[in-house]
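Input: a single structure, listed below in structure tokens.
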Amino acid sequence: MFRFLHFDSLQKAARTLSQRQRTLLTGALVLILFSVGVLWVTARVTEASSLAALLNRGDQDLQLYIANIRRELDRYEYLPKVLVDDYRVSRTLHNPEDKDARATLNTYLKFVARSSGASDIYLMDTAGITLAASNWDQPDSFIGDDYSFRPYFKQAIKGQPGDYFALGMSSGQRGYYFAYPVREHEKVIGVMVVKVPLASLEEERGGGHYEFLVTDPDGVIFLATEPRWRYHTLTPLAEDQRKRIEAGRRYLDFPLVPLPATHVAPFAGNAQLMTLTIDGRGVTYLLRGVEMPQAGWTVYILLNIAPVATDVTHAVLLAAFSLGVLVLLSLILLQRRARLDERVRYEHAAMEAAEASEARIRATIASTRAGLVTLDARGHIESFNPTAESLFERLSTQVTGLTLGDLLTPESASVFSAMVRAASHPHAQPHPQPLVELTGRRDGGETFPLEAAINRMTSLEAMHFIVTLHDISERKEQEAALQQAHDQLERRVAERTGDLLDTNRRLTHEIEEHRRTEAELRHTRNELIQTAKLAAIGELAAGINHELNQPLTAIRFYAGNAKTFMHKSQVHKVEENLDHIDGLTEHMGRIISQLKLFARKSSGKPVPVSMNAVIDGALTLLEPRLQRQQVAVIRHLPVQEVLCLGDMVRLEQVLVNLIGNALQAMESVPDAALYLEVTTAEGLVMTAIRDRGPGIPEDQLAQIFDPFFTTKEIGEGLGLGLSISLRIIEELGGTLRAHNHPEGGAVLTLELATAPAHEAHND
Ligand code: ADP
């Protein structure tokens, strides 16, 4: 399972874990490793012991099997020895041509073969030619066959008994051959052979749990309970070995290849573990071989080790279960121990805390700056801390047994006994008791102020009281000093308040005076404005007088004409003259309408006003003068109407003033021209009125806005026009400035705030 944990991520996780978690993780890892180790060892030990037990059982089976083979061979080994002594044998050998003798022997051999269970019995002469055989009447009879090449013959002809496993030449059936020499006077005259069937030895089956096989001295398997293993070898044959076996035709044409073993490993006690491929799958056997010295064979048992794997699985499962139980028990024990440890630690800590708290209380009582006195139920002093000792200037030994009242003035003593009574009342609240001021008495009779609180100690068996005492002499002194300072302060505040009230009264008076002066000023200014208006009206009236006289004279003339033409009944002439009169009255009406402008009242508060309309209005008012003086009016006005914040009437008044001044300055100028320019910039509307007059002398530029400053003849100017204009503009939140143009002439500049784009108030 550790394969799946990436080492880096494990490390990273470990860094973020707490110490406790890390210990737990280490414990778990160790436990897992230990468990894996135990299971592995269990598996290995079980496997070894199970294999050993299997081998042990296998050995017993092998011994039984060998005994079985032995018994089977022993059954036939004696047979040729017995047969060679029979007279029918020697008769046939001596007279091979005697048909009767051979027929008799044939019959006899057949009889013996049938009754003994041997496959075949036959007799050969010294050349290896079969003279008589038990199968004489069979189609594949041996009679006449030459078996001189068979090793058992070669051995028997030398005078030794021979035995040998081989496949029958003609039958191809396997058999074990026992050969025995037929002697006469120590001379071998023939060989008697008994062929034994071995099939019964191959019927031995262990139900798939084990198999047997028998190898000849060359290692060729000639007997096997598993038929597919026959005529194979356990190890590859050497080349000369193979040739020799082929020469003996022992296994006919079988190729004698090794068994299909995929894995061979040695095992204890000369055994081997061998995996053989059977029907395409590997089966592992534990292989043990025992030699049979007489025959030169080796008998093997092959134990299927599948049950071992089952044993191992069972053992591992059992071990895992036991481990689980063990771990569970250990965990329970550990937890119990941890709980016990925790309890011991907790008790220890609680004890330490209690001791520390007690020590702290003791230290607090000893070192506290408050005097602490404990009293018994009757109010007698039990203990007196060092602060209390120094407060009363008495040692605790001197006061033990006294009441606290003995250390107070008589009045305080009675107050204190009331406190004790109140505190000992069963329904008294244990905490907190109110602080009471008392007067203490020292040994020498000197008194001092105290603050005391009493509390009943309810937790103890008998009733006790604890009294807390504070020397408040210092505080009392401070309080007295504070009171003194307070009184002094109050006195000074009262003094200062008187001064302030006077000043206040004076100031109020001054403000009122100021207001009055301001009202007067405003009144004067209004009067001045009115005067200026009247002057303008006077001027206008003079102009109007001149302007109206001419049309009136003309009207009179045209009226006279009309009358005359009417008498002459020249109606169209009358109509012509009436048209002239009509035109003239209209002209007069226009002149008179200008007077209305002066009659209008301003609203007082700035409203959006079209500067173009203001200029137009002022020019209309001054039209007669402009014409009289033949002044060219040059306008530089924006294409789009410009709105400023102002008052139509008052702005017209200002412009009439400024243009009037310009016209006055250009009275004797031949090519008089008036420039009117309106520009806008940074929220302002700037109007410049420029003339071609002599300009304003530099030293007078600062004075011209002063009231009554004039350079004109008496009766021509009052010197109020610019002063009033400046006031009006300033009231509208604008500025009015004068300078001279570089090409000559004065320039008066008017600046007003741009109005938001609303409808203009032009009426
Ligand atoms: P008044 O016109 O009654 O003298 P104002 O206050 O209008 O009073 O003008 C004050 C003086 O400023 C004028 O007497 C004149 O000397 C000077 N002044 C005003 N406007 C002009 C101008 N356009 N050109 C030359 N001087 C001017």
Side-chain angles (χ1 to χ4, degrees), residues 521 524-543 597-598 611 614-615 617-619 621-636 649-678 686-732 734-751:
L521 266 174
T524 316
R525 197 182 68 202
N526 285 344
E527 273 184 356
L528 281 173
I529 290 170
Q530 208 49 39
T531 316
K533 269 189 178 177
L534 288 174
I537 289 169
E539 209 174 318
L540 191 69
L597 293 171
F598 260 84
M611 205 59 208
V614 172
I615 290 172
L619 287 176
L621 279 173
L622 293 165
E623 185 64 28
R625 275 178 74 183
L626 286 167
Q627 282 192 6
R628 192 175 65 234
Q629 280 181 233
Q630 293 186 330
V631 176
V633 178
I634 300 150
R635 302 180 201 212
H636 292 287
V649 174
R650 304 183 84 186
L651 282 178
E652 264 182 18
Q653 192 182 338
V654 170
L655 255 84
V656 165
N657 256 327
L658 300 181
I659 298 172
N661 277 348
L663 296 180
Q664 224 167 356
M666 293 190 292
E667 254 167 2
S668 50
V669 173
D671 52 348
L674 179 70
Y675 297 87
L676 296 167
E677 191 183 10
V678 176
M686 286 163 296
T687 313
I689 297 111
R690 179 187 155 198
D691 58 50
R692 280 213 189 138
I696 304 157
E698 288 297 316
D699 59 330
Q700 289 176 6
L701 272 177
Q703 294 173 6
I704 57 167
F705 291 102
D706 291 347
F708 304 110
F709 177 82
T710 181
T711 55
K712 291 167 193 169
E713 299 292 313
I714 294 172
E716 271 188 24
L718 280 170
L720 283 173
L722 286 181
S723 141
I724 290 167
S725 299
L726 181 65
R727 277 299 176 96
I728 290 171
I729 295 302
E730 281 178 347
E731 270 177 20
L732 295 174
T735 58
L736 178 62
R737 280 188 292 268
H739 71 274
N740 288 314
H741 197 270
E743 290 169 15
V747 183
L748 271 290
T749 313
L750 181 67
E751 280 182 6

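In what follows, every heavy atom counts, from backbone to side chain, and hydrogens, waters and symmetry copies are set aside. As the structure lists them, so they are numbered: ligands from 1, and atoms in each ligand from 1.
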Discussion item. Measuring from non-hydrogen atoms of G693 to any atom of ligand 1, is the shortest distance under 4.0 Å?
Written reply: no

Worksheet item: Which residues pass the side chain to side chain donor-acceptor pair (under 3.5 Å) test with N740, sequence neighbours left out?
Response: E698

My understanding is that we take every heavy atom of each candidate and find the minimum distance to [atom]. Doing that for [options], which one comes out nearest?
atom                    : options                : result
atom 9 (O) of ligand 1  : L722, I659, N657       : L722
atom 17 (C) of ligand 1 : I724, I704, N661       : I704
atom 14 (O) of ligand 1 : T711, L701, L674, L658 : T711
atom 24 (N) of ligand 1 : A665, S725, A738, S723 : A665

Worksheet item: Where on D691 is there a heavy atom closer than 4.0 Å to ligand 1, on the side chain, on the backbone, on both, or on neither?
Response: side chain

Worksheet item: Are Q664 and N661 side-chain neighbours, meaning at least one heavy-atom pair lies under 4.5 Å?
Response: yes

Discussion item. I'd like to check L651 versus I728 (side-chain heavy atoms, cut-off strictly below 4.5 Å). Are they in contact?
Written reply: no

By number and element, which atoms of ligand 1 are closer than 4.0 Å to a non-hydrogen atom of [X]?
X    : value
A662 : 23 (N)
I696 : 25 (C), 26 (N), 27 (C)
G695 : 25 (C)

Worksheet item: Is there any N or O on Q700 that sits under 3.5 Å from an N or O of ligand 1?
Response: no

For residues 687-696, run the donor-acceptor check on the side chains, cut-off 3.5 Å, and write out each pair with its distance to 0.1 Å, sequence neighbours left out.
{"from": "R690", "atom 1": "NH2", "to": "E743", "atom 2": "OE1", "distance (Å)": "3.3"}
{"from": "D691", "atom 1": "OD1", "to": "G693", "atom 2": "N", "distance (Å)": "2.9"}
{"from": "D691", "atom 1": "OD1", "to": "A746", "atom 2": "N", "distance (Å)": "3.1"}
{"from": "R692", "atom 1": "NE", "to": "Y675", "atom 2": "OH", "distance (Å)": "3.4"}
{"from": "R692", "atom 1": "NH1", "to": "D671", "atom 2": "O", "distance (Å)": "3.1"}
{"from": "R692", "atom 1": "NH1", "to": "D671", "atom 2": "OD2", "distance (Å)": "3.4"}
{"from": "R692", "atom 1": "NH2", "to": "Y675", "atom 2": "OH", "distance (Å)": "2.8"}

Worksheet item: Does Q629 use its side chain to pair, donor to acceptor, with the backbone of A672 at less than 3.5 Å?
Response: no

Practice prompt. Please name the pair of heavy atoms, one in A738 and one in L748, separated by the smallest distance, quoted to 0.1 Å.
Written response: CB-CD1, 3.7 Å

Practice prompt. Check G660 against L622 and note the closest heavy-atom contact, atom names and distance.
Written response: N-CD1, 4.1 Å

